[in-house]
Amino acid sequence: MTHADVLKAAGLTEAELQGGTLAVQSPIDGAVVAHVHETGPEQMPDIIARAQAAFKAWRSVPAPRRGELVRLLGEELRASKEELAAVVTLEAGKILSEGLGEVQEMIDICDFAVGQSRQLYGLTIASERPGHRMMETWHPMGPCGVITAFNFPVAVWSWNTALALVCGDPVIWKPSEKTPLTAMACMKILDRALARFGDAPDGLVQLVIGGPEIGAALVASTDIPILSATGSTRMGGQVGPQVAARWGRPILELGGNNAMIVAPSADLEMAVRAIVFSAVGTAGQRCTSLRRVIAHHSIKDDLVARLTAAYASLPIGDPRDAATLIGPLIDQASADRMAAALSDATAQGGTVHGGGAADCGIGGAYVRPAIVEMPAQTEIVRTETFAPILYVMGYDDLNAAIALQNDVPQGLSSCIFTLNLREAEVFLSAAGSDCGIANVNIGPSGAEIGGAFGGEKETGGGRESGSDAWKGYMRRQTNTINYSAELPLAQDVVFDI
Ligand code: NAD
């Protein structure tokens, strides 16, 4: 299928794809596939006002009815899974099965959110006063701005939107300027769900296209009480304080620097498979990509030998080819950053295996993944380079390995490979991993939607997706009801008049 065929199958029209100011490149071959129309900053006040108007109607729709819209979205996604996944591959360069996996993640969160729409529950709490009852209720919060990164061009939107919608909040979505087409294709699918739903308010979910300046309008507006932003720590460092300064609620999902500790008892065969998928899957462009292996000195050389052998046979190339496991980086600037990081690593004492450009003969920024043996956790190891670089370090003592793992600015995902119960439990304990995700005998990437997703420190502290992440999209209210004929005060305070 040509790029044009893929876009047509996803329902995008010539008028939508041409005549605009934002050029969209496919990382597969570097071809410019569209010039889409950008949202003007002067349009933002109207867009935000429409979201506010939609909120006033949507907040009063019963939550299970709101869930019906998300159920229909899930159905439409199932029906268009292949078409949307093909656009993910075209625009983000993901291999076919990862493109399909991304859409499956959207379907999964829709299913989850439908159930959640009947479970927006609060607690009842014992009151200290006779004839009183205390309880918590959860209310819709208001429009939710969703700013997304290029590497999960649709799944992150769905994590936010499925929950925001059942929680009673309209959504304004600003996708990455590198992946507007996937977002436009996704809105077509949503439109079909909205048409079947029938009476959703106008402006319930809106899409705005453009770069940081369009995102900035969402960040600045007090009419957007929730701002979910996914991207680099650089972006989060700008957005988070601005939202906080206007008393908004930021949900930040930022960069990671994820590690695996490989203990002497580890099943090395399994560890190697987990390392390769986590480190080179999505060409190392996942927030949860494995970037550091901390291996016990007794097995480190064996592990590195197995990894270099496994890396040597990895098929790199056109992500549309079913045999490919490593597709392109998003652009040449990304490949340049990888090359710079490898030269920094060498200067900081590292020994590099692999790396460099992979000429696949079709254009695009294809690279060979790299393994770098490091004598210590130097500055470059502590930095997230969004490319397939895996740093390997050694350890003797588990506590020192955990300390090394935690000694980075980011705190997203982590794991240990061990068959030793004590080691596993220490890793998961209060003195263990400081990350939002900590796994045993599973790599750090490829989370299920059932758990809350997010991380600590410079990863931003936000939580999305499963568990009780829905609470981030609602406001909590404590209610105390007096059904007695007296008016006792709390803490036995006396105030007779
Ligand atoms: P990026 O920070 O360059 O851009 C992300 C989004 O933020 C884009 O839509 C961009 O237009 C917008 N943006 C940038 N500056 C802004 C500003 N000042 N105000 C408003 N909007 C602004 O990130 P990227 O290169 O698209 O994505 C890669 C990064 O995202 C990596 O660091 C990766 O770890 C991170 N990421 C994190 C998660 C997570 O859940 N923790 C998920 C995916 C990606």
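Just so you know, ligand 1 is whichever comes first in the structure, and atom 1 is the first atom listed for that ligand. Predicted model, so just to flag it, every value in this text is computed and none were measured.
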_For the student: nearest non-hydrogen atoms of L84 and A185, plus distance_ = CD1-CB, 3.9 Å
*Determine whether any heavy atom of R234 lies closer than 4.0 Å to an atom of ligand 1.*
yes
*With heavy atoms of Q238 as the reference, note each atom of ligand 1 found under 4.0 Å away.*
17 (C), 18 (N)
_Give the atom numbers and elements of ligand 1 that come within less than 4.0 Å of a heavy atom of M235._
2 (O), 7 (O), 13 (N), 14 (C), 15 (N), 16 (C), 22 (C)
*Which of the atoms of ligand 1 are close to F453, meaning less than 4.0 Å from one of its heavy atoms?*
39 (C), 40 (O)
*For atom 4 (O) of ligand 1, is some protein heavy-atom partner under 4.0 Å away?*
no
_Option nearest atom 38 (C) of ligand 1 (shortest heavy-atom distance, choices P212, P175, C287, A229)_ = C287
*If you measure only the distance, is there a donor-acceptor pair under 3.5 Å linking the side chains of T459 and Q410?*
no
*Protein contact of atom 26 (O) of ligand 1 - nearest heavy atom, named by residue and atom, plus distance*: F150 N, 3.2 Å
*So which protein heavy atom does atom 28 (C) of ligand 1 come closest to, and at what separation?*
F386 CE2, 3.6 Å
*Enumerate the atoms of ligand 1 whose separation from the nearest heavy atom of A216 is less than 4.0 angstrom.*
20 (C)
*Anything under 30° is parallel, anything over 60° is perpendicular, the rest tilted; go ahead and classify W157 against W173.*
parallel
*atom 2 (O) of ligand 1: which of G231, G436, S232 has the nearest heavy atom?*
S232
*Answer yes if the side chains of S433 and S414 hold a donor-acceptor pair under 3.5 Å, and no otherwise.*
yes
*Begin with the C-alpha distance, continue with both residues' side-chain angles, and end with the deciding distance and a verdict on salt bridge (Lys or Arg N to Asp or Glu O under 4.0 Å) for E16 and K188.*
CA-CA 12 Å; E16 289 168 316; K188 303 265 175 198; 2.8 Å; yes
*atom 41 (N) of ligand 1 - nearest protein heavy atom and its distance*: L254 O, 2.8 Å
*asked:* Are any of the N/O atoms on K178, whether in the backbone or the side chain, positioned under 3.5 angstrom from an N/O atom of ligand 1?
replied: no
_Determine whether R292 and D407 satisfy the following criterion, salt bridge (Lys or Arg N to Asp or Glu O under 4.0 Å), listing intermediate values before the conclusion._
CA-CA 12 Å; R292 297 177 293 144; D407 185 24; over 6 Å; no
*Contact check, side chains of I214 and E38, non-hydrogen atoms, under 4.5 Å*: no
*Just by modelled atom types, is the D223 backbone N or O under 3.5 Å from a matching donor or acceptor in the S221 side chain?*
yes
*Can you tell if the side chain of R320 reaches within under 4.5 Å of the side chain of I28, non-hydrogen atoms only?*
yes
*Please write down residue, atom name and distance for the protein heavy atom closest to atom 27 (O) of ligand 1.*
A149 CB, 3.3 Å
*asked:* Given R286, which partner from the list E384, E253, E98 fulfils the salt bridge (Lys or Arg N to Asp or Glu O under 4.0 Å) test?
replied: E98
*Side chains of I224 and R246: closer than 4.5 Å at any heavy-atom pair?*
yes
*Name the option, out of N151, I147, I437, that contains the heavy atom nearest to atom 44 (C) of ligand 1.*
N151
*Strictly under 4.0 Å, does any heavy atom of S289 approach an atom of ligand 1?*
no
*Close N or O approach (E384, ligand 1; < 3.5 Å)*: yes
*Looking only at N/O atoms, are T459 and ligand 1 under 3.5 Å apart anywhere?*
no
*Within-shell test, T148 vs ligand 1, heavy atom, strictly < 4.0 Å*: yes
*asked:* Do I147 and T230 make a side-chain contact, defined as non-hydrogen atoms from C-beta onward lying under 4.5 Å apart?
replied: no
*Which of the numbered atoms in ligand 1 are below 4.0 angstrom from a heavy atom of V239?*
17 (C), 19 (N), 20 (C)
*T383 side chain to E379 main-chain N or O, any donor-acceptor pair under 3.5 Å?*
yes
*Would you say ligand 1 has an N or O under 3.5 Å from any N or O of G210?*
no
*Which atoms of ligand 1 have any heavy atom of E177 under 4.0 Å away?*
8 (C), 9 (O), 10 (C), 11 (O)
